[in-house]
Number of protein chains: 2
Amino acid sequence: MVLAPSFDGLSEDFKVLSDKTRLRIIGLLRLKEQCVCDLTEVLQISQPGVSQHMRRLKQVGFVKERKDGQWVYYSLNTEHPLLMLLLPQWPAHPEDEERLLQSKGCRV
Amino acid sequence: MVLAPSFDGLSEDFKVLSDKTRLRIIGLLRLKEQCVCDLTEVLQISQPGVSQHMRRLKQVGFVKERKDGQWVYYSLNTEHPLLMLLLPQWPAHPEDEERLLQSKGCRV
DNA sequence: AATATATATAATAATATAATTATATAAGAC
DNA sequence: GTCTTATATAATTATATTATTATATATATT
């Protein structure tokens, strides 16, 4: 299976992967689905910043979203060929994982 | 084997892959090593443009260079884990391959 | 209905990127 | 040495990216 039908699409995929914050987000989604508020807490950037990153990740099909009440949960799209190729070798980010465990969570 | 020791290095790798022209260059190097002048002719961008792309590809270790007289031949670095992971599924670019065949070549 | 919480979008500003042209360097030919 | 060819670097410009703040929307709670 080929990574993408054209270099235009493929370069777009790589552009989305070319930002460190988005790599961290993928690293967190690899553990389990996450809502925007938890990601905001772990990444320590503004909430709109997170939402914009999620939009880009969704645009190229790396993530799916699931709405539950006022929360939006994002998870990795296991149908994406490039993402699935990369994921088994994805590096860990111990600081983020630690902070995720310690985050109190925004759900009541 | 992990793709990179940190997200900093990995995002840098993806940044280099996030440009369509550089994906085309990798596609051409996949066929055989190429000198700057041949790449310039096939890609139809300026020669300094090609040199700058090659510099970025070299910086992250995607390509190696070999000097032969006044020519510099670039080839893919088969030691690079990410590149080697991607390469088997690399898309073809028939127009570039066609133009490479028809290019007269800069060697005398 | 009013308020609070979660998320998305718009506007903006700082920085990065990629192309070009101009110039420098280095090797080969005469 | 001078001229030509191949490549690299510097300077510049146009565009893209990513962060922020301000605001809008949508759901839940009271």
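Labels below follow one simple rule: chain letters A, B, ... track the order of the sequence lines, proteins then strands, and each chain is numbered from 1.
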Per-pair distances, 0.1 Å, donor-acceptor, side chain in residues 53-62 of chain B, under 3.5 Å, sequence neighbours excluded:
| residue | atom | partner | partner atom | Å |
| --- | --- | --- | --- | --- |
| B:His53 | ND1 | B:Arg22 | NH1 | 3.0 |
| B:Arg56 | NH2 | B:Glu12 | OE2 | 3.3 |
| B:Lys58 | NZ | B:Glu65 | OE1 | 2.8 |

What N/O pairs connect the protein and nucleotides 7-9 of chain D at under 3.5 Å? Give each pair on its own line.
| residue | atom | partner | partner atom | Å |
| --- | --- | --- | --- | --- |
| D:dT7 | OP1 | B:Val36 | N | 3.4 |
| D:dT7 | OP1 | B:Val72 | N | 3.1 |
| D:dT7 | OP2 | B:Cys37 | N | 2.6 |
| D:dA8 | OP1 | B:Tyr74 | OH | 2.6 |
| D:dA8 | OP2 | B:Ser51 | OG | 2.7 |
| D:dA8 | N7 | B:Gln47 | NE2 | 2.8 |
| D:dA8 | N6 | B:Gln47 | OE1 | 3.2 |

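Counting heavy atoms from C-beta on, the side chains of B:Leu23 and A:Ser11 come closer than 4.5 Å. A heavy-atom distance below 4.5 Å is found between the side chains of A:Val36 and A:Ser51. At a threshold of 4.5 Å between non-hydrogen side-chain atoms, the residues B:Leu10 and B:Leu3 count as touching.
Whole-Å rounding puts the A:Asp19 CG to C:dT15 P distance at 16 Å. Rounded to an integer number of Å, the gap from CD1 of B:Ile25 to C1' of C:dA19 is 13 Å. If you measure from atom CZ of A:Arg56 to atom C1' of D:dA19, you get 13 Å, rounded to the nearest angstrom. Counting to the nearest Å, the P atom of C:dT7 and the CD1 atom of A:Ile45 are 13 Å from each other. To the nearest angstrom, P of C:dA19 lies 10 Å from CG of B:Leu43. Rounded to whole angstrom, the span from the NE2 atom of A:His53 across to the P atom of C:dT7 amounts to 16 Å.
Ring geometry, B:Phe7 versus A:Trp90: the interplanar angle falls from 30° to 60°, so the pair is classed tilted.
Each of A:Gly69 and A:Gln44 has a nearest nucleotide on DNA chain D; the 5'-most of these lies closest to A:Gln44.
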